[in-house]
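Since the structure comes first, as structure tokens, the remarks are kept for the end.
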Amino acid sequence: MSVELAVAAAMFAGVIAYALFGGADFGTGFYDLTAGGTRRGAELRTQVDHSIGPVWEANHVWLIYVMVMWWTGFPQAFAAAMNTLILPMLFALLGIVLRGGAFAFRKYAATLTQARLFGAIFATSSLITPFFLGAAVGAIVSGRVPIEGRGEVWGSWLHSTSILGGLLAVGTSSFLAGTFLVADATRAGHHDLGVALRMRTIGVGIATGSVALLGLVPLRLDAPTLWDGLLGRALPMVMLSALAGVATLALLWTRRYRLARITAVLAVFGVVVGWGLAQYPWMLVDQIRVVDAAGAPATLRALLVAVAIAAVIVGPALGYLYTLTQSPTWTDSY
Amino acid sequence: MFVPSVESMLAFAAPQIGGSQALTSLALGLANEPAGLLPAREQMALSLGWHIVLACFGVAFPTMILVMHWRGVRRQDRVALVLARRWAKVSAVLFAIGAVSGTVLSFEMGLLWPGLMGTFGDVLGLPFAFEGLSFFVEAIFLGIYLYGWDRMPPRLHMLMLIPMAVAGVVGTFCVLAVNAWMNAPTGFDIVDGEVVNVQPWVAFLNDQVWLQFAHMWVAAFMVAGFAIASVYAVGILRGRNDRHHRLGFTVPFAFASVGAVAQPFIGHFLGLRVAATQPAKLAAFELALETESPSPLRLGGILIDGKVRFNIDIPGLGSLIARNSLTAPVQGLDTIPADQRPPVNITHIAFQSMVAIGTILMLAVLIYWIARWRGHDLLEPQTRFHRWFLRGAVLAAPLAIAALELGWIATEVGRQPWIVYGIMRTTEAAGENSGLWWLYGTTVVVYTALSWGAISILRSMARRWRAGEEDLPSPYGPEPVEHAPELARDEC
Ligand code: HDD
Ligand code: HEM
Ligand code: HEM
């Protein structure tokens with residue numbers, strides 16, 4: 001593998017991780033938002049606090065990782081994307097800021113009124129961020145981000161592919177979050193909560209699947225390059241994703257939550273990897289290829305060193321964190 | 001290889017534009033600025049100025065909690081353990097908004113300065129990559145530490161603070177490496193307007209970073225230390241002079257004291273570097289219009305119509321402090337072309353105010369510790385000046401934060417008109433976004449709301465702690481009823 005490709009792969013690994021971990025994190029906002037009044041929703045909201053509390057900051061760093069890899073490894077493409085996509089990026093950013101702040105504040109809010117205010121901000125902004133990040137992806141895959149000059153500030157992301165991207169991001173995040181919340185709640189002995197969440201997660205899954213299917217129609221006209229890739233190189237991944245999605249629904253229905261988590265992850269993994277394969281070899285579709293976008297070779301090699309060090313240091317630490325949070329002492333004791 | 005040295009600096013500082021006339025045109029507003037420049041600057045200054053205060057807590061707080069927690073575990077000290085546990089909760093709130101405001105910055109580097117990131121992204125990216133690594137470590141162990149209370153073996157749990165503290169140091173070094181590189185760019189060549197021969201490690205570990213890092217790291221301990229100590233000083237002033245408050249005051253105050261004594265020395269050496277690498281900045285710091293040998297130390301003063309007013313000059317001291325020499329002059333602004341001079345007044349006033357605050361804080365902590373060493377502990381209520389000391393300790397927190405902000409203003413404004421000193425002008429880095437004022441307005445609103453949220457939450461935590469609610473139950477409790485007691489444990 002050439003060094004450019006290796007850096008692009010390392011960066012894309014971060015995208016996958018963010019879509020999975022960040023997605024499962026953001027997706028909890030959907031259930032928080034729809035949990036109902038203060039009394040009825042209390043149990044679910046407490047579960048959300050408990051499930052993502054220890055991990056949300058770590059999950060969030062994947063985004064930073066991707067940004068840094070992008071501007072260091074492919075500076076011109078990064079500057080071009082930021083220049084054209086300034087609005088969706090800023091909206092996503094607004095969501096990140098409000099969400100993080102409101103989540104931390106809600107946990108220690110003194111009164112119920114305050115908790116409701118912060119909770120509403122947390123839940124809404126959890127949906128805003130994935131939507132706009134998905135919309136930004138839609139702009140890139142439909143070839144609307146030029147490498148020279150500036151694309152349309154509004155038009156680049158107000159079109160069918162971006163809307164599809166946004167909805168898919170929200171849908172897959174919520175689906176992932178749902179399967180994890182069901183499993184967490186059931187393991188902690190909150191069976192009623194588990195049952196309620198289970199039905200909603202199945203609903204989200206069906207809705208997301210339908211959006212993905214229906215979205216294929218405009219995609220063919222609006223993003224032909226991606227379309228070709230999806231039906232070509234990426235086809236196995238698309239199939240994997242569809243199969244895993246259906247399997248998750250079946251497993252949720254039959255209450256095999258542990259397995260459902262794995263298939264849900266596979267479903268989202270399939271979507272994201274499928275997109276990556278379909279887009280390859282473009283960095284910005286129809287505009288610039290990965291190899292041509294790469295920055296100085298010395299920097300690319302240094303970046304790979306940094307990634308290797310990160311893998312050695314961060315990998316085990318992350319593993320430790322997730323093992324702890326999934327261990328009986330941490331989940332059962334509340 | 002192109003290494004911007006004193007010679008190259010002087011090369012473009014060569015033409016002599018003398019007289020006071022040129023010095024009157026020192027305003028920032030040069031013609032042909034891109035529409036995005038002014039709002040981008042304001043935006044950057046606001047978001048960095050806000051983030052940096054929280055970053056100080058991210059860097060210094062884990063170490064202080066570690067000392068407190070260690071004391072609690074080693075000596076079976078209940079008071080210390082309670083303090084450590086409360087501080088951990090406070091840090092959860094501060095770190096959360098520190099992390100999101102930091103994310104804002106990483107977006108802004110690309111959104112506001114496409115010219116900088118597009119051209120030099122691969123030169124200055126490596127430190128950011130390592131910074132990301134340290135954020136990862138910090139966020140992971142923060143999660144473990146916060147939720148690990150009562151769920152992990154106590155000693156192991158306490159050890160989780162160590163990676164956090166280390167990550168704070170590494171993270172500071174990395175961002176400072178970027179800033180130091182902007183002040184003294186190296187690690188690349190420019191051939192025919194193209195950036196070539198990029199050496200990312202040279203750019204990362206540049207000569208400037210070590211002192212800037214040391215200065216910032218110490219500043220972080222001063223800001224966090226004085227801020228935490230001031231909370232307990234207020235408590236003692238209100239009559240709660242118990243062991244809890246004294247311990248809560250002494251540990252952060254001790255950290256801040258070490259910092260306050262070290263800081264002027266580090267700052268002095270940093271100043272010597274400025275003389276060598278950025279003569280225009282030093283001239284603005286010292287308000288030196290002309291080269292004088294030996295240079296005076298100019299206290300106060302403001303440039304009005306090309307003349308320095310309201311100043312006190314101490315002959316010779318300027319050379320001694322800024323150049324470590326009896327005769328070496330501070331290079332005057334008249335040797336620098338008018339379009340390469342920073343806004344003099346802001347730079348000078350910000351710099352001198354920082355130095356003034358640093359000097360005052362150093363003297364103040366020295367007085368306290370010397371008095372204590374001689375058996376006169378101003379924390380004891382019966383001592384003379386007890387209340388004055390506490391009032392001063394409360395004031396030290398805003399002063400340290402002011403010094404931090406002023407130092408950054410001096411550094412950043414003093415580097416103008418360059419974003420990469422001597423290489424790229426800030427005008428070339430900004431984009432064409434006239435709509436950025438909307439962004440700025442939104443940021444002001446959002447950051448005001450975040451500040452309000454954080455302050456009101458922290459105050460309500462303090463209030464509830466005083467009322468004896470150690471566990472701060474979730475506002476959704478006691479619902480669901482059957483889980484109420486366990487719920488409280490979760491909050492620990
Ligand atoms: C608590 C904060 C604090 C305090 C008490 C001081 N400083 Fe400072 N100073 C900073 C916080 C700071 C800073 C915010 O951290 C800066 C901005 C950039 C940097 O690296 O550090 C800075 C920059 C800075 C610079 C400019 C470096 C450059 O532009 O490259 C100099 C020369 C000094 N300082 C010197 C001093 C002296 C002589 C001080 C004491 C008497 C002093 N500082 C106290
Ligand atoms: C490592 C940290 C920092 C980096 C990488 C950084 C970077 C930048 C950049 C890219 C700009 C815009 C270009 C320019 O005007 O030169 C800027 C401007 C500015 N920054 Fe910093 N900065 C840092 C820390 C800070 C902090 C903590 C403050 C807090 C007060 C600050 C205050 C300012 C101000 C006031 C400006 C506007 C200067 C002017 O345009 O006159 N900076 N900085
Ligand atoms: C002197 C300057 C700076 C220092 C000392 C500093 C330090 C820190 C620290 C310690 C954190 C972790 C805070 C926490 O978890 O509470 C943090 C967060 C962050 N900082 Fe800064 N920072 C500085 C300037 C900058 C600049 C200029 C940028 C970006 C260009 C930046 C980007 C970030 C990001 C992205 C985060 C969030 C990381 C996370 O999610 O944990 N910082 N910063």
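Just so we're on the same page: letters track the sequence lines, and every chain starts at 1.
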Can you check whether A:L324's main-chain N or O pairs, donor with acceptor, with B:R151's side chain at less than 3.5 Å?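 Flag not set: sc B:R151 to bb A:L324 has no pair under 3.5 Å.
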
Interatomic distance, A:L318 atom CG to B:I140 atom CD1 [nearest 0.5 angstrom]: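 Here the interatomic distance stands at 3.5 Å.
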
Measure the spacing between OG1 of A:T72 and CE of B:M117 and express it to the nearest 0.5 Å. 6.5 Å

Counting only non-hydrogen atoms closer than 4.5 Å, does [X] touch chain B with its backbone (N, CA, C, O), its side chain (CB onward), both, or neither?
| X | value |
| --- | --- |
| A:M89 | both |
| A:I309 | both |
| A:R99 | neither |
| A:F105 | both |
| A:I86 | both |

Between [options], who has the most heavy-atom pairs with chain B when the cutoff is under 4.5 Å?
| options | answer |
| --- | --- |
| A:A296, A:A104, A:G100 | A:A296 |
| A:L93, A:V68, A:V97 | A:L93 |
| A:W70, A:Y320, A:Y65, A:F74 | A:Y320 |

So do the side chains of [X] and [Y] get within less than 4.5 Å of each other, counting heavy atoms only?
| X | Y | value |
| --- | --- | --- |
| A:L63 | B:F107 | yes |
| B:I457 | A:F118 | yes |
| A:V305 | B:W201 | yes |

Shortest non-hydrogen contact between [X] and [Y], atoms and distance:
| X | Y | answer |
| --- | --- | --- |
| A:E57 | B:L142 | OE2-CD2, 2.9 Å |
| B:R464 | A:A109 | NH2-O, 3.7 Å |
| A:W71 | B:G125 | NE1-CA, 4.0 Å |
| B:L133 | A:A306 | CD1-O, 4.0 Å |
| B:A96 | A:W56 | CB-CZ2, 3.7 Å |
| A:L303 | B:A129 | CD2-CB, 3.8 Å |

Should the ring pair A:W62 and B:F136 be called parallel, tilted or perpendicular, given that the plane angle runs from 0 to 90° and is split at 30 and 60?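 A:W62 and B:F136: perpendicular rings.
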
Can you tell which of B:V195, B:D122, B:L116 makes a side-chain contact (heavy atoms from CB on, under 4.5 Å) with A:P75?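 When B:V195, B:D122, B:L116 are each tested with A:P75, the side-chain contact (heavy atoms from CB on, under 4.5 Å) holds only for B:D122.
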
Between [options], who has the most heavy-atom pairs with chain A when the cutoff is under 4.5 Å?
| options | answer |
| --- | --- |
| B:L124, B:L126, B:I144, B:V137 | B:I144 |
| B:L450, B:L439, B:L111 | B:L111 |
| B:A449, B:G143, B:G115, B:G121 | B:G121 |
| B:R463, B:M152, B:E108 | B:M152 |

Chain A heavy atoms under 4.5 Å from B:Y145: which part of the residue, side chain, backbone, both or neither? neither

Intermediate values then yes/no, side chain to side chain contact (heavy atoms under 4.5 Å, CB included), A:I64 and B:T103: CA-CA 7 Å; A:I64 317 270; B:T103 314; 3.7 Å; yes

Between A:L98 and B:V446, is a side chain to side chain contact (heavy atoms under 4.5 Å, CB included) present by the stated rule, with each step listed? CA-CA 8 Å; A:L98 291 178; B:V446 172; 4.2 Å; yes

